[in-house]
Asks: 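Below are the structure tokens for one structure; questions will follow.
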Amino acid sequence: MRPGNPEALSQPYDPSRIEPTRYTWWEQQGVFQPRADLAAQPKGTGAKAPFVIAIPPPNVTGSLTMGHVLGESIRDTIVRWQRMEGRETLYIPGMDHAGIATQNVVEKKLRAEKKSRHDLGRDRFLESVWAWKEQYGGLIFQQERRLGTTPDWSRERFTLDEGYSRAVLTVFKKLYDEGLVYRGRYIVNWCPRCRTALSDEEVDMVEKDGHLWHLRYPLADGSGSLVVATTRPETMLGDTAVAVNPKDPRYTKLVGRKVVLPLVRREIPIVADDMVDAKFGTGCVKVTPAHDPNDFQTGRRHNLPEIVVMDEDGRMNDAAGDFRGLDRFEARQRIVAALQDAGYLERIDDHHNSVGHCSRCNTVIEPYLSWQWFVRMAPLAAPALEAAKKGHVKMYPARWKKVYLHWLENIRDWCISRQLWWGHRIPVWYRGDEMVVSLEQPEGEGWRQDEDVLDTWFSSWLWPFATLGWPDETEDLKRYYPNSLMVTGSDIIFFWVARMIMAGYHFMGEAPFAHVYFTSIVRDAQGRKMSKSLGNSPDPLAMMERYGADSVRFCMVQTPTGQDLKFDEKALETGKFFANKLWNATKLVTMRLGGEDMGPVKESQLRLTLADRWILSRFQNAAKDVTRNLKTYRFAEAAQAVYHFAWNEYCDWYLEMAKPRWALADLGDAMTPEQRVDLRTARWVSWKVLDGVLRLLHPFMPFVSEELWQAIPHDGETLAHAAWPKSKKAWNDPQAEREVAFLQAVVTAVRNLRVESKIAPGKLVPVVIRGDAAQLELIEKLESQLKPLARIETLTLARDGSRPGVAASAVVEGAEVFLPLEGLIDVDEERARLAREAEKLLTDLEGVKRKLRNQDFLAKAKPEIVAKENERLAQLEETLEKLRRAEQSLSSFRG
RNA sequence: GGGCGAAUAGCUCAGCUGGUAGAGCACCUGGAUCACAACCAGGGGGUCACAGGUUCAAGUCCUGUUUCGCCCACCA
């Protein structure tokens, strides 16, 4: 047992003073690495399997947001809890190279110098990105340290590191060899600003008010015309057919004939295709295979030419004739104007539709025909579907499972090539017609590597095993795969979670983790998403400076599960106040321990009072509560259980009840041996329970709990490695809980009467209590506790059943509590108050009576419910009766 | 168009297996009592969105409606 250091508490609680130094101290203690003694045991031979969790790698460009703080608070709370449970814990940190995001940042910097990446060339550009990464990247981890999280920093991974890159390229080759990666010329989502292809997940659909342009296309034989409707008139330059529904009687005659494309004067066929909905628009659809995914399919079915009319910047190309060089939106206006001039514009309708936007830069996405690499997803999805359905991977909250299943059941192939430079360059080599997929450049002259890089998510989906050394069969991989838990936002359930599960099964033959916990999305007080442009995102570092990292963690962890969190800075005060409360309570306890060594104290040699038995019982109950709620990811309930126990039971009641007993120390040598035992008992219990509170608190508020733990006598180097409290059956004491509940009710009643009677708070008052023999006996036993708590001068037990004259009174569990204060009490007011009380009870009583008159209730409700109602009836009647007696008794003194 | 979620005190939210509606903040009254004014003591405040249904009993289960939010979707 170490003695503790009470002097540490001589200054007021100030989180910014204690937190940073404590973090460094933990690092020096090696708290963050898996415990060597546990790691030395062969896996599975110890009592418990290792607990492994990986951070969702933040973008290398990232800085700490409240969203990160939320996720990190939850992850670290669990990690610390598991560590205290005695499990070998590994928390893996790392960063994501974030292809587009990072390249955008560096290109923006270049633009400020009036340069483009093309001016530098690929190699020099990459050099400058790496230089940027070295200088600015990973800022987030410096910030995160402030929060007190405990990843094993020595294992930090970066998705573009040598080893990790090999994993990514190996995966590409493996999938290619299995026929699950292929190259093809298809319509993809193209961002004309980022100048790259994107996956479907990287496109945000935004509802917009637009127009539906009706264009008249004349028949080639001059026998008439038809009208097509389109939301994107500029693509008409690339039309290679008009389609109608084969069952549409209006147009069957036209199928096989031709129309002349206005402006372009190209003759294009009218084809029949089921894709056309006869009820929409005119029932005629212009077909632009190179600029619309639907039309692309139609085009392939009918062997139509695919005419690309735009370049990769979204400008019209040479195929656009007179409109070449124009931006697509300017071209739209000019083409509509030209059509109108030539009499081809039938009309313009208002139209509401969804338009895809680049999730990175918000530019309108262009469906673009190009050569890209794809992953065939259906075979990968099958085991991932199975896993969720059979519960091998469980999701919390459970409703996300449905979202996950729906996506996997409708999975589409994944476009993984990006026309960027920052990323894993595709390991494919070309020479003439030859193509080789290889991690190394093939032998011989003239090989040219694919210019494109892989989607960032094509590297992060390997995170749970690539961070452990895969594809090598490392010790880490054997020991720490699969991970135990994934904690992340539901916004990346498709991007990342689903794909990690697919990769886990495909490459490791096993789910990457057993549980997924989805955190809330952090919003501002008005419910808007946090964003840089709105400037509504609070600076987490400023929050931690102001309230302490402990408070930020404590409050963020208590987010509503599965709902968005409306962040309100005001809420952070709660945690700070709580920490301050515990700081002062610990100061009090350390002072009263009088330096006594708790080491040799044996519980069996103590003489526990009712208060002791009560607080120990309540404590073991709280420990059970906290643990149960952590197990089910109910963090708010877990945190509340610690908060409530520590503040409202331990501080508000137990410490107050311990004070008179601590005061025995003032007797010094005059203490009898029995008093000595009483003092030691009060000291031991107050210390023991405080020690337990700090343990329960540690995962939530690591800094202040450690600080306080070091200040009291403690067993061990660091609280981070102290054992998690078990709910102790021997301490469970329902009778003590009932008795103290009665005591509390009496104290509250007296305090209430004092206030109602306007008695000065400091004034000691006489109290008379009537009740049955058992109650009076209990009160007698509790007298020494009761008197200071309620500021009672003299306590009289009315054993003869007599009642005092003029008195304020209340009924507590059938016992009557009187404040006999003739002259200080306004009799009329007191009578009125009693009448109000009685009236309230009468309403309740009516309800209970009604219930008990109901034959169905008596017959069908569970017997214990009926018994409870009967009991309640008796109690209400008794209380009511006593209130009335008190009122009558007062009326005789009236005037 | 399909799906999901939310609606409970002035505000933010709990309320798990149906059985006397809770917390924090805010508010009101009183208090410099030697751990703590970042505190203590006491208090007021709710037709649980609406309408039906199931049940002895509904904030809780079922159906529908309204409002708000989110996700998915190739009607040009």
Side-chain angles (χ1 to χ4, degrees), chain A residues 9 12-13 187 200 205 212-213 228-232 235 243 275-277 279-288 292-298 351 353-354 367 397 399-400 402-403 406-407 410 490-491 493-494 521 523 525 527 529 547 555 558-568 570-571 573-574 576-592 628-629 632 634 636-637 640 643-644 648 651-652 655-656 659 747-748 751-756 758-762 790-791 844 847-848 851 854-862 864-866 868-869 872 876:
Chain A
L9 308 179
Y13 170 62
I187 293 262
D200 295 336
M205 300 304 282
L212 194 57
W213 285 272
V228 298
T230 179
T231 52
R232 295 167 61 226
T235 63
M275 169 272 280
V276 180
D277 176 0
K279 290 192 282 294
F280 185 88
T282 60
C284 297
V285 183
K286 60 189 273 309
V287 183
T288 322
D292 182 278
N294 258 330
D295 293 3
F296 178 76
Q297 300 294 338
T298 311
H351 186 65
N353 67 339
S354 295
R399 65 188 163 85
W400 290 108
K402 270 190 228 171
V403 178
H406 180 259
W407 186 75
N410 297 284
S490 54
D491 51 338
I493 185 169
F494 308 137
I521 308 275
R523 298 176 176 280
K529 243 180 189 163
Y547 304 97
C555 297
Q558 299 190 55
T559 54
T561 32
Q563 268 189 82
D564 291 354
L565 166 75
K566 275 192 207 167
F567 178 78
D568 183 2
K570 183 94 175 116
E573 280 189 341
T574 313
K576 188 180 181 181
F577 293 173
F578 182 42
N580 182 59
K581 181 73 184 177
L582 289 172
W583 182 277
N584 287 300
T586 305
K587 189 159 92 183
L588 171 70
V589 172
T590 53
M591 276 173 358
R592 299 299 185 228
R628 181 175 53 90
N629 283 310
T632 47
R634 302 164 72 91
E637 286 82 350
Q640 279 305 307
Y643 181 91
H644 182 264
N648 304 113
C651 290
D652 285 353
L655 292 184
E656 292 305 323
K659 278 177 183 174
V747 170
T748 304
R751 287 171 175 170
N752 185 353
L753 291 178
R754 298 174 60 107
V755 171
E756 298 283 355
K758 302 194 167 52
I759 313 277
R791 299 200 157 255
D844 290 354
V848 176
K851 231 176 188 177
N854 184 339
Q855 290 307 310
D856 283 329
F857 174 72
L858 296 175
K860 292 179 184 169
K862 281 179 251 159
E864 60 265 32
I865 299 292
V866 178
K868 224 167 138 189
E869 288 299 317
R872 193 160 164 244
L876 283 170

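Naming: A, B, ... by sequence-line order, numbering from 1 per chain. Because the structure is predicted, anything quoted here is derived from the model rather than measured.
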Asks: Would B:U33 be called syn or anti, given that syn covers angles within 90° of 0?
Replies: syn
Asks: Between A:Cys284 and A:Asn629, which residue's closest nucleotide on RNA chain B lies nearer the 5′ terminus?
Replies: A:Asn629
Asks: With a non-hydrogen cut-off below 4.0 angstrom, is A:Arg232 in contact with a base, only sugar-phosphate, or nothing?
Replies: nothing
Asks: Any side-chain heavy atom of A:Pro761 within less than 4.5 Å of one from A:Arg751?
Replies: no
Asks: Within the structure, does a side-chain N or O atom of A:Lys570 lie under 4.0 Å from either OP1 or OP2 of B:C25?
Replies: no
Asks: Within the structure, does a side-chain N or O atom of A:Arg634 lie under 4.0 Å from either OP1 or OP2 of B:G15?
Replies: yes
Asks: Think A:Lys860 has a side-chain N or O under 4.0 angstrom from the OP1 or OP2 of B:C56?
Replies: yes
Asks: Would a 4.5 Å heavy-atom cut-off, applied to side chains only, mark A:Gln558 and A:Thr574 as touching?
Replies: no
Asks: Between A:Thr230 and A:Lys587, which residue's closest nucleotide on RNA chain B lies nearer the 5′ terminus?
Replies: A:Lys587
Asks: Could you check whether A:Pro293 gets within reach of a base, just the sugar-phosphate, or nothing at all, counting any heavy atom under 4.0 Å?
Replies: nothing
Asks: Checking all strands, does A:Glu637 fall into the base, sugar-phosphate, or nothing category for heavy-atom contacts under 4.0 angstrom?
Replies: sugar-phosphate
Asks: Return the nearest nucleotide to the side chain of A:Asn294; candidates are B:C74, B:G19, B:C56.
Replies: B:C74
Asks: If I take atom CG in residue A:Asn353 and atom P in nucleotide B:G1, what distance separates them, rounded to the nearest angstrom?
Replies: 14 Å
Asks: Any side-chain N or O of A:Arg751 less than 4.0 Å from the OP1 or OP2 oxygen of B:G42?
Replies: yes
Asks: Does any N or O donor sit under 3.5 Å from an N or O acceptor when you compare the side chain of A:Asp856 with the base of B:C56?
Replies: no
Asks: If you check the A:Arg399 side chain, which of B:G42, B:A35, B:G5 turns out closest?
Replies: B:G5
Asks: Can you check the A:Asp277 CG to B:A73 C1' distance for me, whole Å?
Replies: 15 Å
Asks: Choosing from B:C40, B:A35, B:U20, which nucleotide comes nearest the side chain of A:Cys651?
Replies: B:A35
Asks: Looking at the side chain of A:Thr748, which of B:G42, B:C71, B:C13 is the nearest nucleotide?
Replies: B:G42
Asks: How long is the gap from CD on A:Glu869 to CG on A:Leu858, to the nearest 0.5 Å?
Replies: 10.0 Å
Asks: Output the rounded distance in Å from CD (A:Glu756) to C1' (B:G30).
Replies: 12 Å
Asks: Should A:Asn410 be listed as having a side-chain N or O under 4.0 Å from OP1 or OP2 of B:C72?
Replies: no
Asks: For A:Ile187 and B:A76, what is the distance between atoms CD1 and P respectively, to the nearest whole Å?
Replies: 16 Å
Asks: Pick base, sugar-phosphate or nothing for A:Ala861, based on heavy-atom distances below 4.0 Å to the nucleic acid.
Replies: base
Asks: For A:Tyr643 and B:A23, give me the distance from atom OH to atom C1', rounded to whole Å.
Replies: 9 Å
Asks: Without decimals, in angstroms, what is the distance between A:Lys402 NZ and B:C70 C1'?
Replies: 15 Å
Asks: In terms of side-chain heavy atoms of A:Ser354, which of B:A38, B:C56, B:A73 is nearest?
Replies: B:A73
Asks: How is A:Ala585 classified with respect to the nucleic acid when contacts are heavy atoms under 4.0 Å: base, sugar-phosphate, or nothing?
Replies: base
Asks: Taking the minimum atom-to-atom distance to the side chain of A:Val755, which one of B:G42, B:C56, B:A38 wins?
Replies: B:G42
Asks: Whole-Å distance between B:G18 P and A:Glu869 CD?
Replies: 17 Å
Asks: Looking at A:His406, I'd like to know whether one of its side-chain N or O atoms comes within less than 4.0 Å of OP1 or OP2 on B:A73.
Replies: no
Asks: Could you tell me whether the side chain of A:Lys581 has a donor or acceptor atom within less than 3.5 Å of a complementary atom in the base of B:C36?
Replies: yes
Asks: Just say parallel, tilted or perpendicular for the rings of A:Trp407 and A:Phe494, cut-offs at 30° and 60°.
Replies: parallel
Asks: Under 4.0 Å, counting only non-hydrogen atoms across every strand here, what does A:Glu864 touch: a base, just sugar-phosphate, or nothing?
Replies: nothing
Asks: What is the nucleic acid contact for A:Asp652, judged by heavy atoms within less than 4.0 Å: base, sugar-phosphate only, or nothing?
Replies: sugar-phosphate
Asks: Counting only side-chain heavy atoms from C-beta out, which of B:C36, B:C70, B:G42 sits nearest to A:Glu656?
Replies: B:C36
Asks: Any ion pair linking A:Lys576 and A:Glu573 (charged N to carboxylate O, less than 4.0 Å)?
Replies: no
Asks: Rounding to an integer number of Å, can you tell me how far A:Lys576 NZ sits from B:C36 C1'?
Replies: 14 Å
Asks: When all nucleic acid strands are considered with a 4.0 Å heavy-atom cut-off, which category describes A:Tyr13: base, sugar-phosphate, or nothing?
Replies: base
Asks: Under 4.0 Å, counting only non-hydrogen atoms across every strand here, what does A:Met205 touch: a base, just sugar-phosphate, or nothing?
Replies: nothing
Asks: So A:Phe494, base contact, sugar-phosphate only, or nothing? Heavy-atom distance under 4.0 Å.
Replies: sugar-phosphate
Asks: Compare side-chain N and O positions of A:Arg592 against OP1 and OP2 of B:A35 and report whether any pair is under 4.0 Å apart.
Replies: yes
